[in-house]
Amino acid sequence: KRRVQIIIFPPADDLKAVLKVYEKIRASGDEFDRAARQQANPALAASGGHIKPISRHLPAQEKIVEQRAFQMQPGEVSDVLKTQQGYVVM
């Protein structure tokens, strides 16, 4: 299992706006926490983007998140991932 923090940008969000936030996150780790607390999903915002540990064998629509989570090193920030839920950064 992998523990991750996640930010989900709704599908309606403009990719340019998502990339702007992403670049700030890449420049400063503190920015991830701030962005995670400001995301649209209230439950994720309240937890600072912390979700239950990700395990293998997630549903097909979440495979990209699972695969990237298991490729990442501690403290690493993922690329912007396009999912059915919207854009995701871990």
Side-chain angles (χ1 to χ4, degrees):
K1 292 186 176 186
R2 292 288 172 114
R3 292 193 158 284
V4 298
Q5 272 181 285
I6 194 166
I7 301 171
I8 300 175
F9 299 89
D13 279 8
D14 177 47
L15 180 56
K16 285 184 181 182
V18 172
L19 292 174
K20 186 175 179 179
V21 173
Y22 173 73
E23 289 303 322
K24 287 182 182 178
I25 290 169
R26 295 287 301 208
S28 166
D30 294 339
E31 192 68 29
F32 192 103
D33 290 329
R34 189 182 69 71
R37 294 196 182 282
Q38 293 179 350
Q39 60 187 311
N41 181 312
L44 283 175
S47 73
H50 291 277
I51 60 172
K52 65 182 181 178
I54 294 177
S55 61
R56 300 256 184 211
H57 313 296
L58 290 176
Q61 67 270 19
E62 298 174 12
K63 272 295 186 203
I64 190 169
V65 171
E66 172 192 316
Q67 290 170 344
R68 189 63 182 110
F70 280 91
Q71 293 170 350
M72 294 172 63
Q73 298 299 315
E76 183 179 357
V77 176
S78 73
D79 297 330
V80 176
L81 307 173
K82 178 122 172 84
T83 70
Q84 289 183 340
Q85 293 179 326
Y87 298 105
V88 171
V89 177
M90 296 186 287

Tell me, do [X] and [Y] make a side-chain contact under 4.5 Å, heavy atoms counted?
X: Tyr87; Y: Leu19; answer: no
X: Leu15; Y: Phe9; answer: no
X: Asp13; Y: Val18; answer: yes
X: Val65; Y: Thr83; answer: yes

Looking at Lys20, I want to see if its NZ is surrounded by more than 12 non-hydrogen atoms of other residues, nucleotides or ligands under 6.0 Å.
no
Any idea which heavy atoms bring [X] and [Y] closest together, and the distance?
X: Gln85; Y: Pro11; answer: O-CD, 3.1 Å
X: Ala36; Y: Gly49; answer: CB-N, 4.0 Å
X: Val21; Y: Ala35; answer: CG1-CB, 4.0 Å
X: Val77; Y: Arg68; answer: O-NH2, 4.4 Å
X: Met90; Y: Leu81; answer: CE-CD1, 3.9 Å

Reported [atom1]-to-[atom2] distance for the pair [X] and [Y], which is rounded to 0.5 angstrom:
X: Arg34; Y: Gln38; atom1: CZ; atom2: CD; result: 4.5 Å
X: Ile7; Y: Glu31; atom1: CD1; atom2: CD; result: 8.5 Å
X: Gln71; Y: Ser78; atom1: CD; atom2: OG; result: 10.5 Å
X: Gln5; Y: Phe32; atom1: CD; atom2: CZ; result: 5.0 Å
X: Met72; Y: Ile54; atom1: CE; atom2: CD1; result: 9.0 Å

Using modelled atom types only, decide if a donor and an acceptor are shared between the side chain of [X] and the backbone of [Y] within a distance under 3.5 Å.
X: Gln39; Y: Ile6; answer: yes
X: Ser28; Y: Ile25; answer: no
X: Glu66; Y: Lys63; answer: no

Residues Glu76 and Arg26 bridged, charged N to O under 4.0 Å
no
